[in-house]
Amino acid sequence: MSNSIYTELSWLANPPANFSLACKGLLEGERNSIGQRLRSLASFALNENQLNRLAKATENLRRAGAELAPLTPFRLGVLSNSTTDYIAPALVATALRYGISLECIRADYDQTIQEALSADSTINAAKPDAVLIGVDYRALPIRSKPGDAEAARASIDAAFDYLETIRRGIKEHSGAICIVQTLAPAPEPIFGSFDRVLPGTAGYIVDALNRRLAESVLGTDDVLLDVARLAETVGLAEWHSPTQWNLARLPFSNAFLPLYADHVSRIVGALRGKSRRCLVLDLDNTVWGGVIGDDGLEGIQCAQGDATGEAFLSVQRLALELRDRGIVLAVSSKNNDDVARSPFRNHPEMLLREDHIAVFQANWNDKATNIKAIAEELSLGLESMVLLDDNPAERGLVRQILPEVAVPELPADPALYARTLSAAGYFESVAFSKEDSARATFYQDNARRVSLQKQAGDVDAYLASLNMEITFQPFNAAGRSRITQLINKSNQFNLTTRRYSEAEIAQIEGDSNCLTLQVRLADSLGDNGMISAVICRKASFSEWAIDTWLMSCRVLGRRVENMVLGEILEHARRNEIRTLTGVYLPTGRNSLVQDHYQKLGFTQTGSQPDGATTWELDVRSAQVEPAPMVVKSLGFEIGEAAPIR
Amino acid sequence: MNNVEILEKLGGVFHEVFDDTIDVKPELTAKDVDEWDSLAHIRLMLSVERAFQIKFSASEIGKLKNVGELAELIGRKVQ
């Protein structure tokens, strides 16, 4: 359900099973880099109880005098007509997500006006950086008198003046910025739709008051927290829980506490310059549907009038809207540069064009390295960057190696990508200046490419943490249609680009002179399905020629090709094959594998004027550098192969 | 769901809301747990609602004397 994007904070990864233990671990053991550890624990989708636990740990650490740098300290006063104890811990824990070490100063229940107006009240005496005026419609003197326009005006004035008095009192006595909330209207109308028409109904008054509050903060130091919009987004009937209000004066259903706390923290983060500034886009299956290197310009989906295409266009549209308000756009894609740029140049339906992109990194490096290069090129910190990528393994890698970069989780349906990115609130802002709108044109005509960098971190450790399991089987009837699809679709990681029909594949299956491999890869993030296919043909009594070797680019950088070679060698040895030969046939789209055989230790035996090269490997002396994965070898006639480690 | 199963699942909820070292048994009351104040009680009951997919009324929440009674109330609702 789309609503769960908000209630579950679904752009954040789920917390690990040992979350409570990790919170405890902060208090015991070494006190180094506590700030980073707190922030990283806060970066998960935490529920109310988990937020509480993390807040408790944070407060205990602070009391014990622990050094929380590099977190930015912020003191927030909280005024409310409801239970402040209810929201304060959630705020403390959630602020960590934005790099803020938040100290909450709470006023007593329902003491809003007294706290604001007295110079020595708890809040004013504490001289906070900001005060959250967390009141809802029940706190305000709203008198509904349907049909009486005069009374309506008076009621709007009275409610507005009440809030103004609070704001003035705080400003005068503490100098703090006020965070003013709009009001979520009650979902129970008196007339029905007519409530919005008729002056003097509660709905009418709340509407007018919200407008006026919004106008009153523009051009001042105070900022708005649009609770009305938030509540409407998730549904007013869900937001207001009469039971919970009656029971414990909870101002909104506790299901939304993590979301509310995230919205408050965004504002606090924005006040301290923590908002993000650069959106890095993956391309294949993120900005368009399909894989440009395999599907080509005609095959990718980003056309108006097609449901899938429109889903991806909505991502492009959002990116452009963000760019118009000063967010820098960049690209990080595993592709050849010219292939990746071709839709930007030549696809008629693409909204994004090269000159919208400040840095365009299309290469075969890992994304962590590329994002670091992009940040350096733009002179932005990593904590300014957001990566939008459909591939969970890429997301996991970047999160692990560059924890400062925000990487939203994405739902299965691309139609919800734009909504998820927007719901995450990475680019929250409390002001908009001329410089912001000019920033985009500053990077006009750029689409620069940064040279390849040294690897940014320990990719191997991440690969090991994926618990990969690779499965080899010979071609069979069950795999036939997917094998045929791979053989006819793969263009990039494809050594020979030989195409075969399903009937031909069926024939190869039964050919005793062929060794065939269909390869599947599963990992802790899910099953990648069949990702590689190999055909070797017996060329002489002691030689196999590799007729076909291809792989899905989705699993590049996992060293699957090493494992595949290991498997081929295993079978070659059992069949008393001494020489393995391979050929690279260039097609203009497969330069990715130009050095494939060289990297795997083959010796070059020839080259053609068209760029084709031939290679050879001595089976007995061949060594393969293995990758951290469990190997399963199923369904081969000559016994089951022993796992290669 | 029998009483033993309910108590076991309830233990998980208690450990999420409070410290995970407390021994969740029928005689346990709010007095036995430091953090178990009125707000924590609401938080606990809302967490129980979510875990067992049931709803409590305000009067039911106010009446409970100990964990045993809570387990009995849950038992009546999950049947």
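Every value quoted in this text rests on a predicted model; they were computed, and no experiment measured them. Throughout, protein chains are lettered first and strands after them, A, B, ... in sequence-line order, and every chain is numbered starting at 1.
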Under 6.0 Å from the ring centre and within 45 degrees of the ring axis: does the NZ or CZ of B/K77 meet both conditions for the six-membered ring of B/F52?
no
Non-neighbouring partners of A/N81 that pass side chain to side chain donor-acceptor pair (under 3.5 Å), sequence neighbours left out:
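Partners of A/N81 by the side chain to side chain donor-acceptor pair (under 3.5 Å) criterion, ordered by chain and then number, come out as A/D136.
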Close contacts, residues 35-50 of chain A versus chain B, judged by heavy atoms under 4.5 Å:
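So far as heavy atoms go, A/N47, A/E48, A/N49 are the residues that approach chain B to under 4.5 Å.
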Note, [X] side chain near [Y] side chain (heavy atom, < 4.5 Å):
X	Y	value
A/R97	A/L9	yes
B/E72	B/I6	no
A/I142	A/L183	yes

Between A/H240 and A/Y137, ring centroids under 6.0 Å
yes
We want to know whether A/Y86 and A/N254 form a side-chain donor-acceptor pair, criterion being a heavy-atom distance below 3.5 angstrom.
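No - no donor-acceptor pair under 3.5 Å links their side chains.
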Under 4.5 Å, heavy atom to heavy atom: which of residues 21-36 of chain B reach chain A? Give them by number, or say none.
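Result: B/T21, B/E35.
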Sub-4.5 Å heavy-atom contacts with chain A: which residues of residues 57-68 of chain B show up?
B/A58, B/I61
Which is it for A/R106 and A/T122 under the side-chain hydrogen bond (donor to acceptor under 3.5 Å, both in side chains) test, yes or no, and what are the steps along the way?
CA-CA 8 Å; A/R106 312 170 200 186; A/T122 318; over 6 Å; no
B/D37 (side chain) donor-acceptor with B/A40 (main chain) under 3.5 angstrom
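Present.
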One should read off an interatomic distance between B/M45 CE and B/H41 NE2, to the nearest 0.5 angstrom, of 5.0 Å
Given a strict heavy-atom distance threshold of 4.5 Å, which part of B/H15 is in contact with chain A: side chain, backbone, both, or neither?
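Just the backbone, heavy atoms under 4.5 Å.
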Residue part contacting chain B, namely of A/N246, when any heavy atom lies under 4.5 Å
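Contact with chain B involves no heavy atom of A/N246 at all.
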Answer yes or no: are there more than 12 heavy-atom neighbours, outside [X] itself, under 6.0 Å from its atom [atom1]?
X	atom1	result
B/E8	CD	no
A/R138	CZ	yes
A/I190	CD1	no

Can you check salt bridge (Lys or Arg N to Asp or Glu O under 4.0 Å) on B/R43 and B/E16, steps first, answer last?
CA-CA 11 Å; B/R43 196 173 278 140; B/E16 207 200 315; over 6 Å; no
